[in-house]
Amino acid sequence: MNAPNLPDAFTCQQAFALLYEYLDKALDGDELRLVEEHLAICEGCTHHFAFEEKLLDQVREKCRSTRAPEGLRRKITQLLDQL
Amino acid sequence: MEERASGPGDEAVDRQEFERLLSPILDNLYGAALRMTRNGTDAEDLVQDTVVKAFRFYHRFERGTNFKAWTLRIMTNLFCNQYRKTEKQGEQVDLVEEGDEDVWIWAKAWGEAGNRIDFDPVVNVLSKIGHETICRAIDDLPDEFRVVVTLADVEQFSYEEIAEMVEIPIGTVKSRLYRGRKQVQKCIWAYLQEDQVQL
C-alpha cells in the first residue's frame, strides 16, 4: 500500500512532475516505484524522459569541455610560492 | 577540537599534497568559475582566490573526503559573498514559473516536426545544440539560479551537497534547479531559432 497521498498508479502528468528528481536519482520508495511502473507501460514518457536525460548529459559534457587557460596554472604555482 | 600546530616540515608536505589534489580538478574549478562569473578574467580571479583560501584552510580538510566538493564549496561561498554583482541592466530575464509548460524543447521540437516521419528529437535537435548555445543559456540565468544549475548540471552534486554549499534549504535547491533548467531550455530554443538552425 502506498503512502496516503499517493495514487495506485501515476498518470503521465504525475510521473513528469517528478522528472528531475527521478533523473537526479533523488527519488526513493513509493514515488520511485510509481515512476518506474509508469515508464514501464508508457512509451511516450519513456522516450521523453530519455530525451531529457540526454539533454542534461549534453549540458554537462559541453560545459565540462572548458579547459583552464595555461597561464592560470602558472599563476597558481606563483601564488602558492608566495603563501 | 584542538588543532595540531603545524611544524616547519609540514608545509612542504601539505603543499605537495594540496597541489596533487588540485591539479586534476583545475579545469573543473575554472569551468565552474566561468559559469558563475560569466567572464574569463573574473573566473581566473575567482579560481585564484579560491585556491588561496583553500590552501590557507587546508589543515581543516578531512583527508580522504571529496576535495573537489570542498574546494567548490569555498568557491561558491566566495562567489555569493564577494563576486556577485548587482543585476546588470536588461538582465531582468523573464524567468519561467514552475507552472510554465510551453518551454520544453521536446514539445517545441515535435511542434516543428510536422509530418516528418523520420523526425527524431535527439538527432534533429539535440545534436544541433552546441557548446556556445548551452553556455549562453546558462550565463543568461540570474545568479542564484545559475549557481545551482552549475553545481548540479556541470558538476553533478546532489541536492543535499548543493544545499550545504549554497546554504539554502533542499526545497529551494529543487525549485531553483527546476526553474533554472526550464529557463535554460527556453533560452536554448530561442538561440536555435535566432541562429536559424535547421532541424
Side-chain angles (χ1 to χ4, degrees), chain A residues 5 10-32 34-35 38-39 42-83, chain B residues 11 15 18-19 22-23 25-35 40 43-45 47-49 51-52 55-56 101 104-107 109-110 120-122 125-127 129-135 137-138 149-150 152-156 158-160 170 173-174 177-178 181-182 184-185 188:
Chain A
N5 58 331
F10 271 165
T11 61
C12 295
Q13 195 176 17
Q14 286 166 326
F16 192 66
L18 295 173
L19 166 77
Y20 283 139
E21 287 173 86
Y22 176 76
L23 294 181
D24 292 336
K25 299 183 175 24
L27 281 186
D28 58 14
D30 288 332
E31 282 183 327
L32 176 60
L34 283 166
V35 169
H38 180 77
L39 293 177
C42 182
E43 204 179 315
C45 283
T46 298
H47 287 313
H48 189 176
F49 272 56
F51 177 84
E52 296 296 340
E53 188 173 31
K54 287 192 170 86
L55 178 54
L56 289 179
D57 287 345
Q58 181 122 332
V59 167
R60 182 174 58 254
E61 190 191 297
K62 296 291 182 206
C63 288
R64 277 201 179 169
S65 65
T66 305
R67 292 283 166 264
E70 197 44 52
L72 180 58
R73 289 184 184 267
R74 262 198 321 274
K75 282 181 198 168
I76 283 170
T77 306
Q78 286 163 4
L79 252 181
L80 292 174
D81 285 340
Q82 290 163 23
L83 292 176
Chain B
E11 279 180 28
R15 163 116 186 228
F18 180 82
E19 283 190 284
L22 181 68
S23 183
I25 67 161
L26 197 58
D27 289 337
N28 299 86
L29 293 184
Y30 180 74
L34 191 57
R35 294 282 68 77
E44 289 201 37
D45 286 345
V47 170
Q48 289 175 82
D49 287 346
V51 168
V52 166
F55 187 64
R56 286 209 166 116
E101 291 308 316
W104 300 102
I105 292 176
W106 172 264
W110 281 111
D120 177 344
V122 173
V125 182
L126 216 50
S127 65
I129 303 172
H131 173 263
E132 201 187 303
T133 301
I134 288 170
C135 291
I138 294 176
V149 166
T150 298
D153 292 344
V154 183
E155 291 303 327
Q156 287 189 289
S158 69
Y159 297 163
E160 291 78 9
I170 289 183
V173 173
K174 286 188 199 179
L177 202 47
Y178 187 70
R181 282 168 168 170
K182 282 173 80 170
V184 166
Q185 293 212 20
I188 286 174

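Numbered from 1 within each chain, the chains take letters A, B, ... in sequence-line order.
Ranked by heavy-atom pairs under 4.5 Å with chain B, the list A:Leu80, A:Leu55, A:Asp57 is led by A:Leu80. Interface check for chain B: of the options A:His47, A:His48, A:Gln58, the most heavy-atom pairs under 4.5 Å are formed by A:His48. Per-residue counts of heavy-atom pairs under 4.5 Å with chain A were compared for B:Pro121, B:Ala33, B:Ala137, B:Ser158; the largest is that of B:Pro121. The candidate from B:Lys174, B:Gln156, B:Glu19, B:Arg181 with the greatest count of non-hydrogen atom pairs under 4.5 Å with chain A is B:Arg181.
Ring geometry, B:Trp104 versus A:Tyr20: the interplanar angle falls from 30° to 60°, so the pair is classed tilted.
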**OP:** Applying side-chain contact (heavy atoms from CB on, under 4.5 Å), run through B:Val149 and A:Val59 and close with a yes or a no.
**Re:** CA-CA 10 Å; B:Val149 166; A:Val59 167; 5.7 Å; no

**OP:** Starting from the C-alpha separation in whole Å, work towards a yes-or-no answer on side-chain contact (heavy atoms from CB on, under 4.5 Å) for A:Cys63 and B:Ile134.
**Re:** CA-CA 8 Å; A:Cys63 288; B:Ile134 288 170; 3.8 Å; yes

Subject >> Steps toward salt bridge (charged side-chain N to carboxylate O under 4.0 Å, His left out) verdict (A:Asp81, B:Arg15) >> reply: CA-CA 9 Å; A:Asp81 285 340; B:Arg15 163 116 186 228; 2.8 Å; yes

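Residue contact with chain B, scored on non-hydrogen atoms closer than 4.5 Å, involves the backbone and the side chain of A:Leu72 alike. Both the backbone and the side chain of A:Glu21 come within contact range of chain B, each with at least one heavy atom under 4.5 Å from a heavy atom of that chain. A:Ile76 touches chain B through its side chain: at least one heavy atom from C-beta onward sits under 4.5 Å away, while N, CA, C and O do not. Contact annotation for B:Gln185: only side-chain heavy atoms (C-beta onward) come within less than 4.5 Å of a heavy atom of chain A. Proximity to chain A (any heavy atom under 4.5 Å) is shown, for B:Ile129, by both the backbone and the side chain. Within the 4.5 angstrom heavy-atom criterion, only side-chain atoms of B:Val47, from C-beta onward, approach chain A. Using a 4.5 Å cut-off between heavy atoms, B:Leu22 contacts chain A through its side chain alone, with no backbone atom that close.
Here the straight-line distance linking atom CG of A:Asp24 with atom CG of B:Asp153 works out to 7.0 Å at 0.5 Å rounding.
Taking a 6.0 Å sphere around CD of B:Glu132, one finds it holds 12 or fewer heavy atoms contributed by other residues, nucleotides or ligands.
The two atoms that bring B:Val154 and A:Arg64 nearest to each other are O-NE, 2.8 Å, heavy atoms only. A:Pro69 approaches B:Glu44 most closely through the heavy-atom pair CG-OE2, 3.5 Å. Heavy atoms only, all atoms of each residue included: B:Tyr159 and A:Ala26 are closest at CE1-CB, 3.3 Å.
Checked against the 6.0 Å centroid criterion, the rings of A:Phe16 and B:Trp106 do not qualify as a close aromatic pair.
The pair B:Asp27-A:Arg73 meets the salt-bridge criterion, with a side-chain N (NZ, NE, NH1 or NH2) lying under 4.0 Å from an Asp/Glu carboxylate O.
Side chain of B:Gln48 to main chain of A:Lys75: no donor-acceptor pair is present (N/O by atom type, distance under 3.5 Å, no hydrogens or angles).
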